[in-house]
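One structure is given below, encoded as structure tokens.
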Amino acid sequence: MPDIQSILEGLLSEAVASAFGSEFADADPILRQATSPRFGDYQANLAMGLAKRLGQKPRDIADAIKEKLTLGDAITDAEVAGPGFINLTLNPDLLATQLGSMFRSDRLGVAKSDPPAKVVVDYASPNLAKEMHIGHLRSTIIGDAIARVLEFQGQDVIRHNHIGDWGTQFGLLLEHLIETGWADSTDSSISDLNVLYQQAKVRDDNDPAFAERARKRVVDLQSGEPQARKIWEMLIVESIRHMNQVFSSLGVQLTDDHLKPESFYNDRLSGVVEAIEGAGMIRDLKGAKVVYVDGFFNKEGEPLPMAIQKSDGGFGYPATDLAAVHYRVADLKADRVVYVVDSRQKDHFRQFFKVAEDVGWLKDGAELVHVGFGTIMGADRKPFKTREGGTVKLADVLDEAVDRAGKVIAEKAPELPSEERDAIARVVGVGAVKYFDLSNDRIKDYVFDWDRMLALEGNTAPYLQNAYVRIRSIFRKGEVEPSSLSGREIKLEQAAERALALQLLQLPRIIQSVADSLEPHRLCTYLYELASSFHKFYEKCPVLAADSDARRDSRLALCDLVARTLKQGLGLLGIDTVERM
RNA sequence: GCCCACGUAGCUCAGUUGGAUAGAGCAGCGGACUUCUAAUCCGCAGGUCACAGGUUCGAAUCCUGUCGUGGGUACCA
């Protein structure tokens, strides 16, 4: 069934063609949702744009279109207002029919994209040998949300966790571990590694000789030297174990199946260099093989080199990134590769995207997209740190969120058994952290604020989860199974019901807009407005105590649609719901 | 220096890709609970959309410049 937008656009095109000739049939009707109920439900803004082309006044054009507009099944009223807006009021029966079809759809009316595109989503991608910290949060959950939305749309999504298991940090760590004799011990934990890495980092910054030896270790590792290899494997196992623990408490859909570590591309690196050399793009700079990309300059104003192969023979991240592009586009045949990585790396992405294009790897029109995001700030507007000024561990953030959520639940719902309260605290606490992050425009920095994210008012996860809970409570109390409502007629009588209906029917458009823009916060805003519309409806319209069975069933169906939309929407953000809270 | 983002109410943020009188939440003031869960709802107040030009029927949104904040500026990622 065509959606409302398409139906209206069709009617408007017919009217324009009938008023001014068929050559105008493809004019964009510029259909928008009305900004206020007093302007009807939708407005068409094409009359102003046609004024020049037709040499007539916008209002006269709008009047002419309005005259030819078919009223009845879809539109019950059309009025011209302002400079030439055509305000449209929808037939409630059309809304009801649309809702009926949404109710019967297990996808809530969201069409599957056909044919599906193959999309690689590269996200989380932490550097190993360090504990996961707050800086890993955004890539992990924004990427997860994007992957879920694209998958729901029916795209062929391939998740890649491009973990840093191969770079310079391992040189530092290896050199330090071998020198201190740690390499001969058997027991290790990620916290130990964290400390050892910090020690190594300090030495690297202050001791050029150490730095030199550490760089040599990277070359050893990449060329398969046995001792380096053996220690490295121990480090990797421990790091991945820790990473998976964090993913699990975060509720992220990444498993070992999605690991595509930097080391995976090792035996492709020399081929990458050869291909770029073959394209005549490699230059020599002090022994390093570099590429120059137009438009990038260093502090001295000279063209900025990007090192594909370092002067010591080792490969840096540009080589790995280029090998990954080639693998994803040429081997996996991806149509789109999405990189969910901090905005600060924007220049790096622009550079190697351009190189990949110039080498000719994007022949089939494959699209590379850097989905950048801002920094999480503390209350002082500086990057979020612990009170002592240290790195905030991701596991600690989640623990505290659950802890804080638990306290609120103990206060608000003391009647629930403590075991259930613990489970709810986990869903609410983790959901609050994730939603708070996702609900901000990803390109901007945001200030981390416990009170705000766990607040029950405003655009927060608990507010949405509570709307869901209230609906489930209605069904429990009324002892109604949602499936039993199938086929019942939905009647939209109250303004609050009509507003809710219009809101529900926007879901497909919102999903599309998130998929196009790769901005999950658009879904958050939508869900918040939906929950808000529901709460207004809830105050105004008794459901179980409605004054007729037909009205009760109609409202129950509306409630169920809201619940399913909230659950689905939150699910696409990687956030769970509970039955009570 | 050069390049890239961002600047909306006291605070934290939206703003449907250029549409009507710029919207929420918090904080402030005033209301609504023997409840389908008040973890909610209703009302009041709060704005030179950083500033100045430009594009056009129409700009918070696009362009140019200025100011401010943050980031990037090879062989860390």
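Because the structure is predicted, anything quoted here is derived from the model rather than measured. A note on names: the letters A, B, ... follow the listed sequences, proteins ahead of strands, and every chain is numbered from 1. Values below: every heavy atom of this structure, side chains too, minus hydrogens, waters and symmetry copies.
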Please give the distance between the P atoms of rU8(B) and rA52(B) as a whole number of Å. 16 Å

Under 4.0 Å from OP1 or OP2 of rC4(B): is there any side-chain N or O of Arg344(A) that close? no

Distance between the C1' atoms of rA9(B) and rG46(B), in whole angstroms? 6 Å

For Asn459(A), which contact category applies under a 4.0 Å heavy-atom criterion: base, sugar-phosphate, or nothing? nothing

I'd like to check, for Phe39(A), whether its ring lies over the base of rA20(B) with centroids under 5.5 Å apart and a plane angle smaller than 30°. yes

Which value, in whole Å, describes the distance between the P atoms of nucleotides rC13(B) and rU73(B)? 26 Å

Gap between atoms CD and C1', on Glu302(A) and rC2(B) respectively (whole Å): 12 Å

On RNA chain B, more 5' by nearest nucleotide between Ala413(A) and Phe436(A) is Phe436(A)

Spacing of Ile30(A) atom CD1 relative to rG19(B) atom P, expressed in whole Å: 9 Å

CD of Gln351(A) versus C1' of rC4(B): gap in Å, rounded? 12 Å

For Leu304(A), report the nucleic acid contact type (base, sugar-phosphate, nothing); a contact means any heavy atom under 4.0 Å. sugar-phosphate

OP1 or OP2 of rC76(B) less than 4.0 angstrom from a side-chain nitrogen or oxygen of Arg215(A), does that happen here? yes

Does a donor on one side chain sit under 3.5 Å from an acceptor on the other, for Ser311(A) and Lys286(A)? no

Say we look at rA22(B) and rU66(B): how far apart would their P atoms be, to the nearest angstrom? 31 Å

Give one of base, sugar-phosphate or nothing for Arg32(A), where a contact means two heavy atoms less than 4.0 Å apart. sugar-phosphate

Salt bridge check: are Arg344(A) and Asp342(A) linked by an N-O gap of less than 4.0 Å? yes

For Ser517(A), answer base if it contacts any base atom (sugar-phosphate contacts may also be present), sugar-phosphate if it contacts only those atoms, and nothing otherwise; contact means non-hydrogen atoms under 4.0 Å. base

NA contact type, Arg522(A), heavy-atom cut-off 4.0 Å: base, sugar-phosphate, or nothing? base

Gln345(A) CD to rA74(B) P, in whole Å, measures 15 Å

Sort out for me which residue in Phe436(A), Phe384(A), Phe373(A) forms a ring-ring contact (aromatic ring centres under 6.0 Å, His included) with Tyr446(A). Phe436(A)

Identify the pairs formed between an N or O of the protein and an N or O of nucleotides 41-45 of chain B at a distance under 3.5 Å, and give each distance.
unit_1  : atom_1 : unit_2    : atom_2 : d
rC41(B) : OP1    : Tyr463(A) : OH     : 2.7
rC41(B) : O4'    : Glu539(A) : OE2    : 3.4

Rounded to whole Å, please give me the gap between NZ in Lys382(A) and C1' in rG71(B). 16 Å

Asp220(A) with Lys216(A): basic N within carboxylate O range, under 4.0 Å: yes

Separation of rG19(B) atom C1' from Leu31(A) atom CG, nearest Å, is 13 Å

NA contact type, Ile308(A), heavy-atom cut-off 4.0 Å: base, sugar-phosphate, or nothing? nothing

Would you classify Gln465(A) as touching base, sugar-phosphate or nothing, given that sugar-phosphate means primed atoms plus P, OP1 and OP2, and contacts are heavy atoms under 4.0 Å? nothing

Which part of the nucleic acid does Phe297(A) contact within heavy-atom distance under 4.0 Å: base, sugar-phosphate only, or nothing? sugar-phosphate

Pick base, sugar-phosphate or nothing for Phe475(A), based on heavy-atom distances below 4.0 Å to the nucleic acid. nothing

Classify the glycosidic conformation of rU34(B) as syn or anti, calling it syn when the angle lies within 90° of 0. anti

Pairing string, 5' to 3', for RNA chain B - Watson-Crick or wobble contacts under 3.5 Å, brackets [ ] where pairs cross, | to another strand: (((((((..((((.....[...)))).(((((.......))))).....(((((..]....))))))))))))....

With a 4.0 Å cutoff (strictly under), does any side-chain N or O of Thr168(A) reach OP1 or OP2 of rA77(B)? yes

Write down the distance between CG (Asp347(A)) and P (rG72(B)), rounded to a whole number of angstrom. 10 Å

For Arg38(A), which contact category applies under a 4.0 Å heavy-atom criterion: base, sugar-phosphate, or nothing? base

Does Thr35(A) reach a base, just sugar-phosphate, or nothing at all? Heavy atoms under 4.0 Å. base

Length of the line joining Glu300(A):CD and rC3(B):P, which is rounded to integer Å: 16 Å

Ring centroids only, cut at 6.0 angstrom: are Tyr317(A) and Phe352(A) within range, meaning strictly under it? no

Tell me yes or no: between the side chains of Asp3(A) and Ser6(A), is some donor less than 3.5 Å from an acceptor? yes

What does Val543(A) touch in the nucleic acid at a heavy-atom separation under 4.0 angstrom: a base, only the sugar-phosphate, or nothing? base

Report which part of the nucleic acid Arg580(A) touches: base, sugar-phosphate, or nothing (heavy-atom distance under 4.0 Å, all strands). base

Can you check whether Phe296(A) stacks with the rC3(B) base, using ring centres under 5.5 Å and planes within 30°? no

Nucleotides 5-8 of chain B: which of its N/O atoms have a protein N/O under 3.5 Å away?
unit_1 : atom_1 : unit_2    : atom_2 : d
rG7(B) : OP1    : Lys444(A) : NZ     : 3.3

Pick the C1' atom in rA59(B) and in rG18(B), then give their distance to the nearest Å. 7 Å

Looking for any heavy atom pair under 4.0 Å, which part of the strands does Lys540(A) touch: base, sugar-phosphate only, or nothing? nothing

Between Arg350(A) and Asp347(A), is the closest basic N to carboxylate O distance under 4.0 Å? yes

rC29(B) and rU69(B): how far apart are their P atoms, nearest whole angstrom? 35 Å

Closest listed nucleotide, where the reference is the side chain of Ala81(A) and the choices are rC36(B), rA20(B), rG19(B): rA20(B)

P gap between rA60(B) and rA74(B), integer Å: 40 Å

Under 4.5 Å between any side-chain heavy atoms of Arg203(A) and Glu175(A), yes or no? no

Charged N to carboxylate O under 4.0 angstrom, Lys289(A) versus Glu277(A)? yes

Which whole number of Å gives the distance between the P atom of rG31(B) and that of rG68(B)? 48 Å

